Number of protein chains: 2
Amino acid sequence: MKRLHFERLMRYHRVLTDWAVASDVVASEHLAKHCGVDPTQVRKDLAALGLRGKPSVGFTGATVLAAIRERLGLDTLKGAVIVGSGRMARALADYPLFSVCGLAVVAIFDDDIEATGEVVAGASLYPLKALPRECRRLGVRLGIITPSRSATPKEAMQALVEAGVRAIWNFTPATLVAPPGVLVRDEQLSVDLAELAYAVRDVPEAR
Amino acid sequence: MKRLHFERLMRYHRVLTDWAVASDVVASEHLAKHCGVDPTQVRKDLAALGLRGKPSVGFTGATVLAAIRERLGLDTLKGAVIVGSGRMARALADYPLFSVCGLAVVAIFDDDIEATGEVVAGASLYPLKALPRECRRLGVRLGIITPSRSATPKEAMQALVEAGVRAIWNFTPATLVAPPGVLVRDEQLSVDLAELAYAVRDVPEAR
DNA sequence: TAGATTGTTAATCGATTAACAATC
DNA sequence: TAGATTGTTAATCGATTAACAATC
């Protein structure tokens, strides 16, 4: 199976979605230009999805969109839980882009007394000890760790792993060592920030 | 000037920071292993920072840390403003990792009536029309766009550009076309999410 | 048919990794 | 000196881009 390039595919997806006229025909050259990608690359990516274009015509926008959503599973609704109930958790719980990917935050866990019982963006807040029960009941396989006042990131990871979660998205600064079979991805906002800050530092290079 | 690889440098930075004993000597092999990087790569990256290791000894942790912070400007305090006062804005305003990069959110702008006048994580909330004045007064060059009920992402970008901001970090789903001279970076959480979701989809490949 | 755009092969480019003499 | 680890050059690898015959 060819390795997929998520970033490019999601870029095609976004651009095609922006074009309400996605049912129209689009040439690789055209899509490429708007995505900042080489036309040949577009054709290869689409070929990897099993799509065939018509010579002298192009690809059908709607078909491309559907193929991306199908292959990436964007239409399959996936439940995720969040550990931590702070600002990051609340922001992620109803982050607009998530629904595009078929992600729904189904529950939030934290032992923060003030917060327990609350409902955030449709997700109920439970104490941490309810995590295994709820996760198994809902068949959740994706966990998100955010800063919490009552649980360390490591404790959060342990709870998620015991609950059968297979992939963890870490928004805390902690370095988490994943047990075998569990995928941990650190969201390194600081990396992007560092790049941006570096770009605007004094005396930019000419052109 | 050699092109810097921000992701690796920030990874070295994080690992060395985790090791409280950063003053100790560290071999490229050791650092490489903990960062999931090739040892030769580590030596090249450090060489690009102007660092020299001692054969048969290694590099001094504290020196490496200092060189990374110096080159990336992590110790230079940079002010940033946020447009939008929703949950994402609040989460970012006191995101713990930002201070590591020398970033401080100095003001938040939005025309949301309920929110105006509030103070979030030390940053005051102003109406959008105060943006040019405040940005120029504070010499801000970095702007962050988050979802807002009263301003579209495009309007937010225009306001920031007019205020002299040179780099924009976009957390909304909107596709922003940057005017020349302005760097726009889209934070594509959905790309990472799509990858994670793809990884936990049914019937994972063996091993 | 002429013109446009595809799919695919070959060439290029850059980044990663291996090898090893130099050095502490 | 022997052993360890560096800096750097050469080899490998994979990804991107160019070229072009095939096709609508």
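What you are looking at is a predicted structure, and each value in this text was computed from that prediction instead of being measured. As a basis for the values below, the full set of heavy atoms in this structure was taken, side chains included, without hydrogen atoms, waters or symmetry mates. Each chain gets a letter, A, B and so on, in the order its sequence line appears, and its residues count up from 1.
- In this structure, A:R43 reaches the C:dT6 phosphate: one of its side-chain N or O atoms is under 4.0 Å from OP1 or OP2.
- Protein atom CZ of A:R8 is 12 Å distant from nucleotide atom C1' of D:dT17, rounded to whole Å.
- In this structure a side-chain-to-backbone donor-acceptor pair under 3.5 Å is present from B:K78 to B:C101.
- Nucleotide C:dT6 holds its P atom 12 Å from the NZ atom of A:K54, rounded to whole Å.
- One interatomic measurement links the two molecules: CZ of B:F59 to C1' of C:dT23, which rounds to 13 Å at whole-angstrom precision.
- Between its two ends, the helix from C:dG3-D:dC24 to C:dC24-D:dG3 turns its axis by 10°, counting five pairs per end and rounding to 10 degrees.
- Between A:K33 and A:E29 there is no salt bridge, since no side-chain nitrogen of the basic residue lies less than 4.0 Å from a carboxylate oxygen of the acidic one.
- In this structure, the side chain of B:R11 engages the main chain of B:C35 through a donor-acceptor pair within 3.5 Å.
- Put simply, A:T40 has no side-chain N or O that comes within less than 4.0 Å of OP1 or OP2 on D:dA18.
- Centroid-to-centroid, the aromatic rings of A:W169 and A:F98 come within less than 6.0 Å.
- Checking side-chain atoms of A:R71 against main-chain N and O of A:A48 turns up a donor-acceptor pair under 3.5 Å.
- For the pair A:D38 CG and D:dA19 P, the interatomic distance rounds to 11 Å; values are reported in whole Å.
- Ranked by how close their nearest DNA chain D nucleotide is to the 5' end, B:S28 and A:V37 are led by B:S28.
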Could you please spell out the steps behind the side chain to side chain contact (heavy atoms under 4.5 Å, CB included) verdict for B:L65 and B:H13?
CA-CA 6 Å; B:L65 218 34; B:H13 182 270; 3.6 Å; yes

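- Taking atom CG on B:D45 and atom C1' on C:dT16, their separation rounds to 11 Å, with Å as the unit.
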Could you pull out the protein-nucleic contacts involving nucleotides 1-3 of chain D (nitrogen or oxygen on both sides, under 3.5 Å)?
from  : atom 1 : to    : atom 2 : distance (Å)
D:dG3 : N2     : B:S56 : OG     : 2.9

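- A:L189 CG to B:M10 CE: the interatomic distance, rounded to the nearest 0.5 Å, is 10.5 Å.
- Nucleotide C:dA15 holds its P atom 14 Å from the CD atom of B:E7, rounded to whole Å.
- A:H5 has its NE2 atom 15 Å from the P atom of D:dG14, to the nearest Å.
- Taken to the nearest 0.5 Å, the CD atom of A:E195 stands 9.5 Å off from the CG atom of B:L4.
- For C:dT6, its base never sits under 3.5 Å from the side chain of A:K44 at any donor and acceptor pair.
- Residue A:A27 is classed as a sugar-phosphate contact, given heavy-atom separations below 4.0 Å to backbone atoms only.
- Side-chain polar atoms of A:S85 and A:D110 form a donor-acceptor pair below 3.5 angstrom.
- One atom, CG of A:L51, and another, C1' of C:dG7, lie 13 Å apart when rounded to the nearest Å.
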